[in-house]
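Let me begin by presenting the structure, written as structure tokens, before commenting on it.
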Amino acid sequence: GAVVSQHPSRVICKSGTSVKIECRSLDFQATTMFWYRQFPKKSLMLMATSNEGSKATYEQGVEKDKFLINHASLTLSTLTVTSAHPEDSSFYICSAKQGGDEQYFGPGTRLTVT
Amino acid sequence: AQKITQTQPGMFVQEKEAVTLDCTYDTSDPSYGLFWYKQPSSGEMIFLIYQGSYDQQNATEGRYSLNFQKARKSANLVISASQLGDSAMYFCAMRERGTGNQFYFGTGTSLTVIP
């Protein structure tokens, strides 16, 4: 199946700093990429949908100025958590979609803000 | 209203036995897709099986089968011959044509396979 990578897999940052998470589709061009957040033992919550070359669409309640999403190419989307706080600590998962129904998920990034 | 409902927070099954994980959904869109994903403790989401709303037959993928009851709006996952490696969280998800690309996920079922 299609492969989606995320980098880094784990990151620890200090409160007030920004951290960037990359999502790459390795063997296909992703017209659409999604960013999810997952709290421990909870379901995935869609944060935003990004289409290559256009602005991301954020879900209700997600601060677009805090969670900056850039989808600069058909194989790369980035999520930047700006001025991170401990409550931003979570598991962030991206997924990519080529054109059909299926989404391919990345392995996730565990963010810890101290 | 919840789009996807998984009523079993935790399930246990004996190794080599079959287990059914429940999933019901709510939609008025005639065109939709139903998915099951497995999430082991490592965190990655692994695609298991897909069922389209217009598919006449239940989807099967190896030891996984989807019991699609359209009138009841249920899409239960059946895992046959359970293996220890099947222990994980399992999520049911739905995508509606009308809402574009958005996936709706259930709250998940934690499956533990007992040796």
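Just so we're on the same page: letters track the sequence lines, and every chain starts at 1. What you are looking at is a predicted structure, and each value in this text was computed from that prediction instead of being measured.
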Completion exercise
Residues at least two apart in sequence or cross-chain that pass side-chain contact (heavy atoms from CB on, under 4.5 Å) with A:Q38, listed by chain then number, are A:L44, A:F91, A:I93, B:Q39, B:F91
Exercise for the section: Would you indicate whether A:K20, at its atom NZ, is surrounded by more than 12 heavy atoms from other residues, nucleotides or ligands within a distance under 6.0 Å? Expected result: no
Exercise for the section: Mark yes when over 12 heavy atoms from residues, nucleotides or ligands other than A:H85 sit less than 6.0 Å from its NE2; otherwise mark no. Expected result: yes
Exercise for the section: Look at the side-chain heavy atoms of Ile, Leu, Val, Met, Phe, Trp and Tyr, link any pair under 4.5 Å apart, and say whether A:L46 and A:I69 land in one connected group. Expected result: no
Problem - Cluster link B:M89 to B:V13, ILVMFWY, side chain under 4.5 Å - result: no
Practice task
If you link ILVMFWY side chains whenever their heavy atoms are less than 4.5 Å apart, which other residues fall into the same cluster as B:F12? By chain and number, please.
Solution key: B:I114
Practice task
Go through the atoms of B:Y104 and report whether side chain, backbone, both or neither lie under 4.5 Å from a heavy atom of chain A.
Solution key: neither
Practice task
Can you tell which part of B:F47 gets under 4.5 Å to a heavy atom of chain A, answering side chain, backbone, both or neither?
Solution key: side chain
Problem - Under 3.5 Å: donor-acceptor pair, side chain of B:T107, backbone of A:S43 - result: no
Handout entry: Side chain proximity check, B:R95 to A:K97, heavy atoms < 4.5 angstrom
Key = yes
Exercise for the section: Indicate yes or no: at least one non-hydrogen side-chain atom of A:F105 is less than 4.5 angstrom from one of B:E44. Expected result: no
Problem - Ring-ring centroid check A:Y36 B:F105, cutoff 6.0 Å - result: yes
Practice task
Begin with the C-alpha distance, continue with both residues' side-chain angles, and end with the deciding distance and a verdict on side chain to side chain contact (heavy atoms under 4.5 Å, CB included) for A:Q103 and B:Y37.
Solution key: CA-CA 11 Å; A:Q103 288 190 24; B:Y37 288 89; 4.1 Å; yes
